[in-house]
Amino acid sequence: MGTGEVTEKITAGVLSSQKEKSEAFLALVDRRKPTLCKMSMDSRARGVFAAAVDAVQPDTVVRQSIERKGDSVVISGHKFTLKHNLHLVGFGKAVLGMAAEAERIVGDHLVRGVISVPHGIQQTLQQHGKDHLLLKENSLIKVMEGAKHNLPDADAQKAAEGIKQLASELTETDLLFVLISGGGSALLPAPISPISLPEKLDVTRKLAAAGATIQELNTVVALILSDVIGDPLDLIASGPTVRTEVWPEEVLSVLERYKLLNSLPASVKDVLGRPSPRWTETKDESDTSGHVLNAVIGSNSVALQCAGRRARELGFRPVVLAPGVCGDVRAVSRLYGLLARFACSREEPPPEIAAEMLRLGPDVGVESWDLCRTMQVLEEGRTEGWGATCLLAGGEPTVELTGKGRGGRNQELALRVALELKDLEHPPNGPVFLSGGTDGQDGPTEAAGAITDGGLCEEAKTQGLDIDSFLANNDSYTFFSCLSAGQRLLVPGLTCTNVMDVHMLLIPPIPISIT
Ligand SMILES: Nc1ncnc2c1ncn2[C@@H]1O[C@H](COP(=O)(O)OP(=O)(O)OP(=O)(O)O)[C@@H](O)[C@H]1O
Ligand SMILES: O=C(O)[C@H](O)CO
């Protein structure tokens with residue numbers, strides 16, 4: 001009997017009792033088992049993560065967003081005529097690969113381009129055999145590398161000036177493509193005079209905030225790979241293609257909040273003391289009447305969707321919780337612990353679990369509606385004996401650094417979730433959790449994250465590793481490197497993209513109690 005037949009029989013009343021329905025579905029799951037068991041939960045988690053990263057590769061997202069039709073292109077439903085009038089600028093960590101693909105698609109109409117990309121990226125891509133993300137030898141696009149350690153520097157400022165120069169020379173008939181991805185703020189520093197770059201860097205370092213503006217553009221099409229929760233156009237790479245009203249009072253209040261007002265350079269105080277320019281905000285981003293089209297072509301949601309498809313191929317029922325999980329990593333780990341407990345419950349889960357999740361929701365960027373929807377799917381999975389589930393979420397939680405160890409928010413989250421899972425069944429019958437940064441790097445480490453489960457605590461204990469001490473010192477990377485020779489680390493290497501982090505909870509089929 002296949003799924004369709006089971007459903008038909010239920011509808012026709014042939015399988016009427018809960019026990020008969022469950023047994024029929026469990027028989028299906030059992031039949032699928034040989035295929036599912038060929039791969040461990042660990043390798044399937046890695047496979048689903050790889051699919052998330054693949055979905056937001058810079059060349060892939062550009063290829064999917066630019067439709068070439070003769071001498072025109074269609075982007076987000078808007079048609080632009082090409083008359084050897086195309087210019088291209090870009091800034092961000094994923095922009096080199098985006099530019100290479102854009103040139104492959106519309107290079108015959110390209111006049112010239114300038115892109116600002118991270119220091120050393122061309123060499124790194126070459127070393128990793130990622131030639132498809134590099135520009136061709138005779139490219140019309142000038143590559144400028146800068147922003148060492150993700151901070152604005154003189155090289156990035158030179159690139160920003162080059163980009164500004166190109167933009168200011170455009171005529172009414174020109175079309176400008178702007179490629180934007182995370183890390184763009186540091187790669188496009190244009191301090192307002194008399195602020196100097198070191199002064200700006202000083203404030204940036206303290207606040208991790210930067211601003212840069214491209215003005216006087218004609219027809220502008222911005223293709224954006226988002227690394228910010230909710231994909232706000234004015235925040236991704238500081239939103240240089242979006243008009244926003246910036247009030248000095250708002251900036252001052254942020255500086256005040258971080259107690260930086262007294263240490264501000266005089267030039268910054270001078271600029272903030274000026275009357276602010278009044279700009280009208282462009283409300284509808286798809287409105288091209290202002291000759292600007294901003295299109296988000298890749299984001300965490302896109303990565304989660306593709307991860308879900310891969311999860312289905314690997315025998316899981318995918319459920320996406322939310323793409324904007326944020327807040328303190330402790331609260332986030334608690335939420336995943338509760339979700340695992342809820343999903344693995346053989347009987348109806350105690351109402352306290354749902355209540356605690358709903359209380360936690362606002363602190364971790366998850367709407368009550370998304371939690372209720374997810375609980376409903378998990379509940380159905382349990383009562384209908386659907387089989388294995390892959391719960392997916394994304395975002396960027398935060399870690400309050402109190403120790404001096406090496407780690408990252410993904411590894412710390414995974415370790416904290418392992419503590420949450422220790423009282424549940426262990427794999428193969430218990431849940432597995434993965435957390436990974438889609439850029440392939442978690443904090444200052446070469447891992448992107450880690451994979452954990454309820455058995456980790458016992459494993460650590462037998463290897464003489466005290467989880468609490470590692471956590472107190474924010475030393476999750478050292479912990480995972482020592483544990484079982486680093487087998488639980490997720491090390492995909494350079495991924496060439498960044499749409500924040502992916503979280504995954506794999507829940508095996510839960511045998512239900514039939515009364
Ligand atoms: N030892 C540590 N343990 C846990 N988290 C850490 C540790 N050291 C740094 N972090 C966290 O790592 C984050 C910085 O890592 P990373 O460089 O991956 O940043 P990012 O926000 O992903 O940057 P980008 O958007 O440019 O990719 C910070 O949130 C910081 O709190
Ligand atoms: O460049 C930046 O400002 C950050 O990566 C957010 O997009």
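All values below come from the heavy atoms of this structure, side chains included, with hydrogens, waters and symmetry mates left out. In each ligand, atom 1 is the first atom listed, and ligand 1 is the first ligand listed.
Checking only distances, Asp442 never comes within under 3.5 Å of ligand 1, N or O to N or O. Distances between N or O atoms of Gly405 and those of ligand 1 include at least one value under 3.5 Å.
Atoms of ligand 1 lying under 4.0 Å from any heavy atom of Asp227, numbered from 1 in the order shown and given with element: 25 (O). Ligand 1 places these atoms under 4.0 Å from at least one heavy atom of Glu412: 3 (N), 4 (C). Residue contact check: Asp439 has heavy atoms under 4.0 Å from atoms 27 (O) of ligand 1. The contact set between ligand 1 and Gln441, taken as ligand atoms under 4.0 Å from a residue heavy atom, comprises 18 (O). For ligand 1, the atoms sitting less than 4.0 Å from at least one non-hydrogen atom of Pro444 are 8 (N), 9 (C), numbered in the order shown with element in parentheses. If you number the atoms of ligand 1 from 1 as listed, the ones under 4.0 Å from a heavy atom of Arg406 come out as 1 (N). Each of the atoms 2 (C), 3 (N), 4 (C), 5 (N), 6 (C) of ligand 1 lies under 4.0 Å from some heavy atom of Gly408.
One finds no salt bridge joining Lys422 and Glu458 here, because no Lys/Arg side-chain nitrogen approaches an Asp/Glu carboxylate oxygen to under 4.0 Å. Between Glu356 and Arg359 there is no salt bridge, since no side-chain N of the basic residue sits under 4.0 Å from a carboxylate O of the acidic one. Of the charged side-chain nitrogens involved, at least one lies within less than 4.0 Å of a carboxylate oxygen, so that Arg112 and Glu169 count as a salt-bridged pair.
To the nearest 0.5 Å, the span separating CE on Met504 from CD1 on Ile451 amounts to 7.5 Å. Taking OG1 from Thr495 and NZ from Lys93, the interatomic distance works out to 10.0 Å, rounded to the nearest 0.5 Å. Separation of atoms CG (Leu505) and CG (Leu421) is listed at 7.0 Å; rounding is to 0.5 Å. One finds the CD1 atom of Ile195 at 9.0 Å from the CG atom of Leu264 (value rounded to the nearest 0.5 Å).
Among protein heavy atoms, the minimum distance from atom 11 (C) of ligand 1 is reached at Arg409 N, 4.5 Å. Counting only heavy atoms of the protein, atom 24 (P) of ligand 1 lies nearest to Lys93 NZ, 3.5 Å. Nearest to atom 25 (O) of ligand 1 among the protein's heavy atoms is Asn498 ND2, 3.5 Å. Of the protein's heavy atoms, Gly443 N, 3.2 Å lies nearest to atom 18 (O) of ligand 1.
Within the structure, side chain to side chain donor-acceptor pair (under 3.5 Å) contacts touching residues 400-418 (residues at least two apart or in different chains) are Glu396-Arg409, Arg409-Asp501, Asn410-Ser435, Asn410-Asp442, Asn410-Asp501, Gln411-Asp442, Gln411-Thr445, Glu412-Arg416, Glu412-Asn474. Within the structure, side chain to side chain donor-acceptor pair (under 3.5 Å) contacts touching residues 46-62 (residues at least two apart or in different chains) are Asp42-Arg46.
Contacts of Leu401 with ligand 1, taken as heavy-atom pairs under 4.0 Å, involve the side chain alone.
Less than 4.0 angstrom separates atom 30 (C) of ligand 1 from none of the non-hydrogen atoms of the protein.
For a heavy-atom separation below 4.0 Å, the residues in contact with ligand 2 are Gly182, Gly183, Gly184, Ser185, Asp227, Val228, Leu235, Ile236, Ala237, Ser238.
Counting heavy atoms from C-beta on, the side chains of Leu223 and Val61 never come closer than 4.5 Å. When side chains are defined from C-beta on, Leu86 does not count as touching Val73, because their heavy atoms never get closer than 4.5 Å. Proximity of Phe433 to Leu339: side-chain heavy atoms (C-beta onward) are nowhere separated by under 4.5 Å. Side-chain atoms of Met144 and Asp155, non-hydrogen and from C-beta on, never get closer than 4.5 Å to each other.
Under the 4.0 angstrom criterion for non-hydrogen atoms, Gly183 is not in contact with ligand 1. Heavy-atom separations between Thr398 and ligand 1 are all 4.0 Å or longer.
Heavy-atom proximity to atom 3 (N) of ligand 1, evaluated over Ser476, Ser181, Ala448, Gly407, is greatest for Gly407.
In terms of the ring-ring contact (aromatic ring centres under 6.0 Å, His included) criterion, Phe49 has no residue partners (sequence neighbours excluded).
Between the side chains of Ser299 and Ser226, no donor N or O sits under 3.5 Å from an acceptor N or O.
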